[in-house]
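Okay, so here's the structure we're looking at.
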Amino acid sequence: MDRAFRRVPIWAWLTAIVVGSAVFRAVLGRGIVAPFIMVDEVIWSEVARGLADAGEPLLRDQPDPGYSVVYPLLISPVYALFESLPDAYAGVKALNAVVMSLAAVPAFFLARRVVKDGLALLGALLAVALPSLAYTGTVMTENLFYPLFLVVALVLVLVLERPTARRVVLLFVLLGLAFATRVQAVALLPAVLLAPFVLAIFERRGLRSTVSRFRWLFTITAGLGVAALGVLLVTGRSPQELLGAYSPVDEAGYEIGEVLQYLWWHVAELSLYVLVIPLAATIVLVGRARSLDGRLQAFLAATISLTVCIVPVVAAFASRFSDRIEERNLFYVAPLLCIALLAWVERGAPRPRVLALAAVVVPTLLVVAIPFDRFLTTSAITDTLMLLPLWSLQDRIGEGWIAPAALALGVGLAAAFLFVPRRFAIALPLIVLGLWVLAIRPIWWGTHGFERFSRGALFQGIRTAERDWVDRALPSGAEAAFLWTGRTDRLTVNQNEFFSRGVGPVYYLSAPTPGGLPESRVTVHPRTGRVTLPDGRPVSDGYLLADSAFEPEGEPIARDKGWGITLWRVNPPLVYAVRVDGLYPSDTWSGKRVTYVRRRCVSGRLSVVLSSDPGLFLEPQGITARTNGRVVGGVRLQPEGRAVLTVPVAPTPGTSECRVVYTVTPTAVPAEITGGQNPDPRELGAHFNRFVYRPGT
């Protein structure tokens, strides 16, 4: 068996790992039906479409405000190849699977510098078995940055081994490429400058000797720094502008106590992510670094420097901007720790008594330092994948048992590290590999997994059979603006623009959609209903998407009935045909009275879909409709049910307006009904979910 293994060329095994991973991830990615990391996936797809269609990075047809362009450049040919955006989405996921699986190649060559070929192949396999390869199912920069990060790490190790000018130049080219892929790469530069000094400690080399040996690295760094400063002075730009759209990260105020707390949590989650054993092995090797061979010293110096520079940056960002553990920005260092584990195994799995005990106890205790009650939330689905298996376990055993279960996992892994016989030490990386494979199920298919979350995100945005229903309804080459009233989920905008090329500019009435994408506020004239832009110009789009709260003068040509999103053909300038008073802003809840007014109205019938809330109302409510001063209809609304109230409408004498006034009895104030559990002070009547007007019936 061993002979048969050896007869197969190493390149064939490595190719098989890459191809097998790519195929496996591509098949899994087919189950992801829609983007769900918002608004990131919309941003990268929009910029890629701009590059494919116009040859420049655009975001909602506006100039890109400074997002990284390398990943959009990579996927832009897919958007040029496929006219259908659902097909392009499938193509991007397949491309992601290939690109991220290529991480096995630099991982192999990194491992090969410190272990033999067989273990190096295992290192390559571990690199593509990481839970975070689930991001191949998303339109995210992680897919490119991960293999690129490992290439940077490989070249950094080469520079530490022999710091020639050519290697240093190559390293800086790769750093520039990494920064253009993901701004987070700014943390790699201090790691590159720190690594020679960490290596000097391992080698017992003096400061002057270290500076002399790495003179090319420090000279080129200084030269690039002076050049960058000169460019900033000439152009009058600030250093923060180099971060582009992420400049607020540098401008924000950070509290040291909070940053340290998040740093502790991120180190703890990293220990959980790598399942204790690789981190423990790395600590042992670092503790014995001065007795190790030169190549392993260089590798450990790079690993330590990259880790200690990346983790604090990620923690500081999380403390200010996300309030979650950002494993998504941290997992890149995991293969380095796994390679250190393989090097530890090949060198006889040394376990100096005190050092080994400390090396395994600290990572084990870190695992239970994670406040699971705080971070086992929906944010984990997008950012902290290794918490998802524990979340699924919590659903079975209860919240109170999850910390003991995590401790039991850590103790079991620690025991394996300490007591597995040296001749069977190869079992330890296989344990890590096996547990990562088991984690695939809850991450992809679990109750809180990617597939279910993507289907939920699609349901929140589109409820038609075809995701590109807007493109299918629009004439060829036509474009429809989207007017967001705030009454529907923001994903009705994001999902439709992601899957239909025909969705154009986005307007809003009261507040923009979350995410800071380019949008324009519009104003409706209270008397004429004319819709105008901030500069007073009328909205002149020929097609419009809007929910049922905004009905323009025009002809409906398609509708997502689930959300009530309608595609209208309108005659510019845009006029709001309907005004509804009495609903709370960006909500379907009414007060005691709701008034529906339709401009330029002819006789017809008006239906409204109503619902209540059994948490507020125990008895049925009465909704009465009046028009022109007389009662024209009514309905009894059950607390847990829905009802449709349809009434005849006709213009008020002497006008062209139809007016219906609805009265809801009784109403309720949540703050009073719930005894303060719900602090909402509003007087609530009923949900007026959708109005439907039919003329001439």
Side-chain angles (χ1 to χ4, degrees), residues 109-116 119-120 123 150 152-172 175 187-222 267 270 278-312 333 335-363 417 422 425:
F109 286 104
L110 265 169
R112 198 181 191 188
R113 307 203 71 75
V114 294
V115 298
K116 294 178 182 177
L119 285 181
L150 292 180
V152 170
L154 173 61
V155 176
L156 175 58
V157 170
L158 294 176
V159 168
L160 293 176
E161 291 177 359
R162 190 159 58 91
T164 64
R166 182 177 298 179
R167 290 184 176 185
V168 171
V169 169
L170 176 60
L171 177 60
F172 276 99
L175 287 175
L188 300 184
L189 179 58
V192 166
L193 299 178
L194 174 63
F197 298 103
V198 176
L199 181 60
I201 295 173
F202 294 163
E203 296 178 335
R204 295 184 174 91
R205 186 184 296 272
L207 178 61
R208 180 177 297 180
S209 174
T210 300
V211 173
S212 174
R213 182 186 179 193
F214 291 94
R215 59 188 178 277
W216 280 113
L217 176 64
F218 298 125
T219 300
I220 292 176
T221 301
V267 174
L270 179 61
L279 185 55
T282 304
I283 294 173
V284 169
L285 289 180
V286 171
R288 304 179 72 246
R290 288 185 170 181
S291 64
L292 300 175
D293 56 277
R295 281 194 168 186
L296 186 50
Q297 287 178 334
F299 174 81
L300 289 174
T303 298
I304 292 171
S305 301
L306 289 167
T307 303
V308 302
C309 288
I310 288 176
V311 177
V333 302
L336 303 181
L337 301 178
C338 289
I339 292 171
L341 169 62
L342 297 174
W344 176 81
V345 169
E346 186 166 283
R347 284 155 180 80
R351 300 185 183 106
R353 184 172 300 175
V354 176
L355 178 58
L357 186 61
V360 80
V361 167
V362 171
F417 179 80
R422 291 185 178 185

Item to complete: State whether the side chain of Thr221 and the backbone N or O of Leu217 hold a donor-acceptor pair below 3.5 Å, judged by distance alone.
Response: yes
Worksheet entry | Approximate separation, where rounding is to 0.5 Å, of Leu279 CG and Leu337 CG | 6.0 Å
Worksheet entry | Closest non-hydrogen atom pair between Leu355 and Gly287, with its separation | CD2-CA, 3.9 Å
Practice prompt. Identify the heavy atoms of Leu342 and Leu119 that sit nearest to each other, and give their distance.
Written response: CD1-O, 3.2 Å
Response to the item:
Closest non-hydrogen contact found for Ala340 with Thr282 is CB-OG1, 3.3 Å
Item to complete: Flag the pair Val114 / Glu346 as yes when at least one side-chain heavy-atom distance between them is below 4.5 Å, and no otherwise.
Response: no
Worksheet item: Between Arg113 and Glu161, is there a side-chain N and carboxylate O pair less than 4.0 Å apart?
Response: yes
Fill in: Check: Phe197 ring centroid to Phe218 ring centroid under 6.0 Å
yes
Discussion item. Just verifying a value: how many Å separate Leu300 CG and Ile304 CD1, rounded to the nearest 0.5 Å?
Written reply: 6.0 Å
Item to complete: With the side chain counted from C-beta on, respond yes when Ile310 and Leu188 share a heavy-atom pair under 4.5 Å apart, and no when they do not.
Response: yes
Fill in: Within-4.5 Å side-chain heavy-atom neighbours: Arg290 and Glu203
no
Practice prompt. Would you check if Leu296 and Asp293 make a side-chain contact, meaning some heavy-atom pair closer than 4.5 Å?
Written response: yes
Worksheet entry | Val115 side chain reached by Ile339 side chain, heavy atoms, under 4.5 Å | no
Discussion item. Looking at Thr210, is its backbone amide N or carbonyl O close enough to the side chain of Arg213 to form a donor-acceptor pair, meaning the two atoms are under 3.5 Å apart?
Written reply: no
Response to the item:
Distance col, row Leu170:CG vs Leu158:CG, nearest 0.5 angstrom, shows 8.5 Å
Worksheet item: Going from OG on Ser305 to CG on Leu156, what distance comes out if it is rounded to the nearest 0.5 angstrom?
Response: 7.0 Å
Item to complete: Measure across Ala187 and Cys309 and return the closest heavy-atom pair with its distance rounded to 0.1 Å.
Response: O-CB, 3.6 Å
Item to complete: Determine yes or no for a side-chain-to-main-chain donor-acceptor pair under 3.5 angstrom, with Thr219 supplying the side chain and Trp216 the backbone.
Response: no
Worksheet item: Do Leu199 and Phe214 come close enough that some side-chain heavy atom pair is under 4.5 Å?
Response: yes
Item to complete: Start with the C-alpha distance between Trp344 and Phe417, add both sets of side-chain angles, then the distance that settles ring-ring contact (aromatic ring centres under 6.0 Å, His included), and finish with yes or no.
Response: CA-CA 11 Å; Trp344 176 81; Phe417 179 80; 4.7 Å; yes
Worksheet item: What are the two closest non-hydrogen atoms of Ala358 and Pro363, and how far apart are they?
Response: O-CD, 4.2 Å
Worksheet entry | Side-chain heavy-atom pair Phe202, Leu292 within 4.5 angstrom cut-off | no
Worksheet entry | Trace of the side chain to side chain contact (heavy atoms under 4.5 Å, CB included) decision for Thr303 with Val333 | CA-CA 7 Å; Thr303 298; Val333 302; over 6 Å; no
Worksheet item: Is there a donor-acceptor contact under 3.5 Å from the side chain of Gln297 to the main chain of Ala289?
Response: yes
Fill in: Heavy-atom check, side chain of Val159 versus side chain of Phe172, under 4.5 Å
no
Item to complete: Can you measure from CG (Leu194) to CG (Leu306) and round to the nearest 0.5 angstrom?
Response: 9.0 Å
Worksheet entry | Test side chain to side chain contact (heavy atoms under 4.5 Å, CB included) applied to Arg288 and Val284, step by step | CA-CA 6 Å; Arg288 304 179 72 246; Val284 169; 4.2 Å; yes
Worksheet entry | Nearest heavy-atom neighbours spanning Ala298 and Leu160 | O-CD1, 3.4 Å
Discussion item. Do Ser209 and Arg205 pair up side chain to side chain, a donor and an acceptor below 3.5 Å, judged on atom types alone?
Written reply: yes
